[in-house]
Number of protein chains: 2
Amino acid sequence: MRISELAREAGTTPRALRYYEEQGLLRPARLASGYRHYDPQAVGTVRHIQLLLSAGLNTSAIAEILPCIPDGVTVLAPTCPELLDALAVERARITTSIDRLAAARDVLDRLIQAGPAAGDQS
Amino acid sequence: MRISELAREAGTTPRALRYYEEQGLLRPARLASGYRHYDPQAVGTVRHIQLLLSAGLNTSAIAEILPCIPDGVTVLAPTCPELLDALAVERARITTSIDRLAAARDVLDRLIQAGPAAGDQS
DNA sequence: CTAAACCTTTACGTTGACGTGAAGGTCAAG
DNA sequence: CTTGACCTTCACGTCAACGTAAAGGTTTAG
């Protein structure tokens with residue numbers, strides 16, 4: 001598939017896909033015309049990239065992880081133990097982040113709770 | 001208290017506190033010398049600011065919320081219903097964000113699971 | 001054949017929450 | 001009275017993941 005089609009399928013833009021390639025996250029084949037050619041597995045890969053990006057991982061961290069998900073679905077064992085350490089660090093960061101988000105949501109909930117009660121006639 | 005002390009208490013920097021003021025989040029008094037003077041309640045306020053910032057709210061959104069937490073602890077009912085709508089929107093954003101983080105953490109967990117099992121002798 | 005709709009590379013622009021000097025006042029201790 | 005540790009206001013720098021525009025090649029439908 002071509003770049004625009006992959007972008008549609010994965011819910012992103014051609015520019016983002018070129019950026020991912022520049023960062024070493026994707027390695028599309030090239031047609032004689034110079035056009036990039038992606039196989040269908042790339043859809044899952046791109047979705048993983050977006051998910052991990054939205055979780056706060058940067059492209060270099062994702063670049064280390066992606067080889068362990070070669071077809072966008074299967075999960076292989078990480079090669080080096082250093083990667084495992086890095087994974088643990090990122091996992092901890094995510095957990096901390098979730099806790100903070102939950103705490104912030106609690107603050108908003110208290111405000112929302114206090115809100116509609118104003119002038120409550122019941 | 002002065003700006004450096006507040007920064008220490010709240011775990012941030014003087015620069016950040018000046019930035020918060022610039023964005024209308026803090027309104028410290030001024031001494032004759034021109035020095036900023038913060039009351040102790042500011043510690044709680046700053047902590048709230050940091051929490052909401054880390055949850056992805058921007059300074060203008062926080063500026064609308066802060067008046068409902070005047071002393072850094074008490075929670076008042078929001079004045080206008082538009083603010084309540086905005087709060088609901090932010091709350092939804094946070095929940096979505098939490099879900100994505102949890103999904104990303106699951107991916108990492110699967111990798112970590114697959115990792116130590118390699119060469120497992122048990 | 002030609003025009004639309006793709007694609008390519010190159011390269012500068014954007015965003016928000018600060019970091020990091022620079023140049024200069026203020027204040028307590030010795 | 002001076003030195004060091006504060007403080008002040010500019011004002012430019014940073015960072016990552018793209019957005020956006022420019023200048024040009026490719027492909028395909030009519």
Round to a whole Å and report the spacing from [atom1] of [X] to [atom2] of [N].
X	N	atom1	atom2	result
B/Arg18	C/dC18	CZ	P	14 Å
B/Glu21	D/dC10	CD	C1'	15 Å
A/Leu31	C/dT8	CG	C1'	12 Å

Restricting to non-hydrogen atoms, name the atom on A/Leu111 and the atom on B/Ile65 that form the minimum distance, rounded to 0.1 Å. CD1-CG2, 3.4 Å

Looking only at non-hydrogen atoms, find the nearest pair between A/Ala102 and B/Ile98 and report the distance. N-CD1, 3.9 Å

For [X], what residues pass the side-chain hydrogen bond (donor to acceptor under 3.5 Å, both in side chains) criterion, not counting sequence neighbours?
X	answer
A/Ser54	none
B/Asp85	none
A/Arg18	none
B/Asp109	A/Arg91

Give the residues of residues 3-10 of chain B touching DNA chain D, defined as any heavy atom closer than 4.0 Å, sorted by residue number.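 Output list: B/Ile3, B/Ser4.
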
Pick out the pairs of N or O atoms, protein on one side and nucleotides 28-30 of chain C on the other, that lie under 3.5 Å.
none

Under 4.0 angstrom, heavy atoms only, what part of the nucleic acid is A/Arg36 near: base, sugar-phosphate, or nothing?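 If one applies the 4.0 Å heavy-atom cut-off, A/Arg36 turns out to touch the sugar-phosphate alone, with no base involved.
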
Annotated protein contacts, base or backbone, on nucleotides 15-30 of chain D with a non-hydrogen cut-off under 4.0 Å, one of B, S, - each: --BBBB----BBS---

Listing, residues 2-11 of chain A side-chain donor-acceptor contacts under 3.5 Å, not counting sequence neighbours, or none:
none

Under 4.5 Å between any side-chain heavy atoms of A/Ile69 and A/Leu76, yes or no? no

Do any side-chain nitrogens or oxygens of B/Arg30 fall under 4.0 Å of OP1 or OP2 in D/dT9? yes

Show me the pairs that pass side-chain hydrogen bond (donor to acceptor under 3.5 Å, both in side chains) and involve residues 31-41 of chain B, at least two apart or across chains.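 Only B/Glu21-B/Arg36 qualify under side-chain hydrogen bond (donor to acceptor under 3.5 Å, both in side chains).
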
Listed by chain and number, what are the side-chain contact (heavy atoms from CB on, under 4.5 Å) partners of A/Thr96, not counting sequence neighbours? A/Arg100

Atom pairs and distances, side-chain donor-acceptor, residues 55-64 of chain A, under 3.5 Å, sequence neighbours left out:
from: A/Asn58; atom 1: OD1; to: A/Ser60; atom 2: N; distance (Å): 3.4
from: A/Asn58; atom 1: OD1; to: A/Ser60; atom 2: OG; distance (Å): 3.2
from: A/Asn58; atom 1: OD1; to: A/Ala61; atom 2: N; distance (Å): 3.0
from: A/Thr59; atom 1: OG1; to: A/Gln23; atom 2: OE1; distance (Å): 3.1

